[in-house]
Protein chains: 2
Amino acid sequence: MGTKEHIMDAAMRLFAEKGFEATTVRDISTLADVNVALINYHFGSKEGLLQTIIETRAKLMQVRIKEISENTQLSEIEKINLIIEHYVEKFFTHHAFHKVIIFELFSSSRESLHQDTLNIFSGNSKIVESIINSGIKKKIFSEVDSAFCFSSMIGPMHHIMHSKTLRIKLFGGDKETDPILEPLFKQRVIKHIQHMMKNHLLAEK
Amino acid sequence: MGTKEHIMDAAMRLFAEKGFEATTVRDISTLADVNVALINYHFGSKEGLLQTIIETRAKLMQVRIKEISENTQLSEIEKINLIIEHYVEKFFTHHAFHKVIIFELFSSSRESLHQDTLNIFSGNSKIVESIINSGIKKKIFSEVDSAFCFSSMIGPMHHIMHSKTLRIKLFGGDKETDPILEPLFKQRVIKHIQHMMKNHLLAEK
DNA sequence: CCTATTATTAAACATTTGTTTAATTTTAAA
DNA sequence: TTTAAAATTAAACAAATGTTTAATAATAGG
């Protein structure tokens, strides 16, 4: 791994753990085991580093969701199930990154970054919304409040994934082992959210 | 309102908007229109101010939820519906506060405060879990994954309430008016989450 | 009215912050 | 091997941070 990627990796972990402001450039350089000045040399500024991190990975996210939504072979409920599966997968593999972007969505200190994350979230939400509206039109789904559905799919995920200590208190046996490491846990999350969405969408009015 | 409450109010708004670290004591003193030194005089430190804010309001939260859970007059589904209603009410009246404590739950910089918020969340989660397990035992509820249910109730709420810009993009007509101000919006949130939980809990297996 | 406690102020404090500089090393192409 | 560009380093920088100090004002009990 090159120096740039090395710095980005260390920074992402620290941003996820402590937040952007609470993380100092010296924290990052220490963890990455490089000189402090390299951060400004490679990324211009601390904020530029965050921007690079987000830009690098964010673009990959939207592609797959669009793919699913535009696949004419799939029924509406199959699309929803696939999107849930895809989101949970990404959450498990890159949960530090997801924590970082939700921080940016919820705070509004850095205007341009906030706009970037806002567009990602609202874009995906609109896609889910239109899938559900299509299902409602076809009378497959009951007349749910489709604008809320994206938040209902990923809100629970955020709640579970972003606090390790809460996760351990709710799901973990002993105090040290994070349930996220158990191979079955991911399937359990997928199953729960899919079950919830299915019964929400297919329920009689 | 006394000076202390005045400072706490200003601080809470800024902490919610920008986060704890990004908010300076001078930001707070300016908004509250008091001298900077008063923050340390009244609260010892910036962190002491946050701690006081959380301690003051957090205790009120748990009381009502315990009340509901221990009321023998209510069925399990009625309890769930009341807890949802109560949570949404609190979210709408004190959403700056809720944003602050979720920040503390998700970050782990300030150990003792993190423990405080962790106990609040896990405590409430365990209460919801036991209500649902009781419903499952009585064969009223299907065998859902009860440990996830609290997160599924309040996760969507967090997602909607903590980003004003996202809320406007998803629900707002024009760019200026926050849907949170529309009197019907609160009812819409309650209805959506209750519908979701009801159909999740009562669904055939 | 006096006085001792409390509240408020302006100024200064030591640290820490992100960033820059200038010198040095490494890299890679000619 | 030579040489110019890129990468890395240690040191210093100015600005901003939370906090403290010492002086002043306000308050309230006797």
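Proteins come first, then strands; the chains are lettered A, B, ... in the order of their sequence lines, and each starts at number 1.
Distances shown here put every side-chain N or O of His42(B) at or beyond 4.0 Å from the OP1 or OP2 atom of dT6(C). Applying the 4.0 Å criterion to OP1 and OP2 of dT8(D), one finds that Thr3(A) has a side-chain N or O inside that range. Note on Asn35(A): a side-chain N or O is less than 4.0 Å away from OP1 or OP2 of dA10(D). Phosphate contact (OP1/OP2 of dT16(C), side-chain N/O of Thr24(A), threshold under 4.0 Å): absent.
Here dT9(C) is the nucleotide among dT19(C), dT9(C), dT19(D) with the atom lying nearest to any side-chain atom of Leu38(B). If you check dA10(C), dT20(C), dT17(D) against the side chain of Ala37(A), the one that comes closest is dT20(C). Listed nucleotides: dT8(D), dA10(C), dT19(D). Nearest to the side chain of Ser45(B): dT19(D).
In this structure, Phe106(A) has its ring center no closer than 6.0 Å to that of His158(B).
Spacing between atom NZ of Lys18(A) and atom P of dT16(C) amounts to 13 Å, rounded to whole angstrom units. One can place OH of Tyr41(B) at 17 Å from P of dA25(D), the figure rounded to the nearest angstrom. To the nearest angstrom, P of dG18(C) lies 4 Å from NZ of Lys46(A).
Checked by atom type, the side-chain pair Ser152(A)/His200(A) shows no donor-acceptor distance below 3.5 Å.
Lys18(B) NZ: more than 12 foreign heavy atoms inside a 6.0 Å radius.
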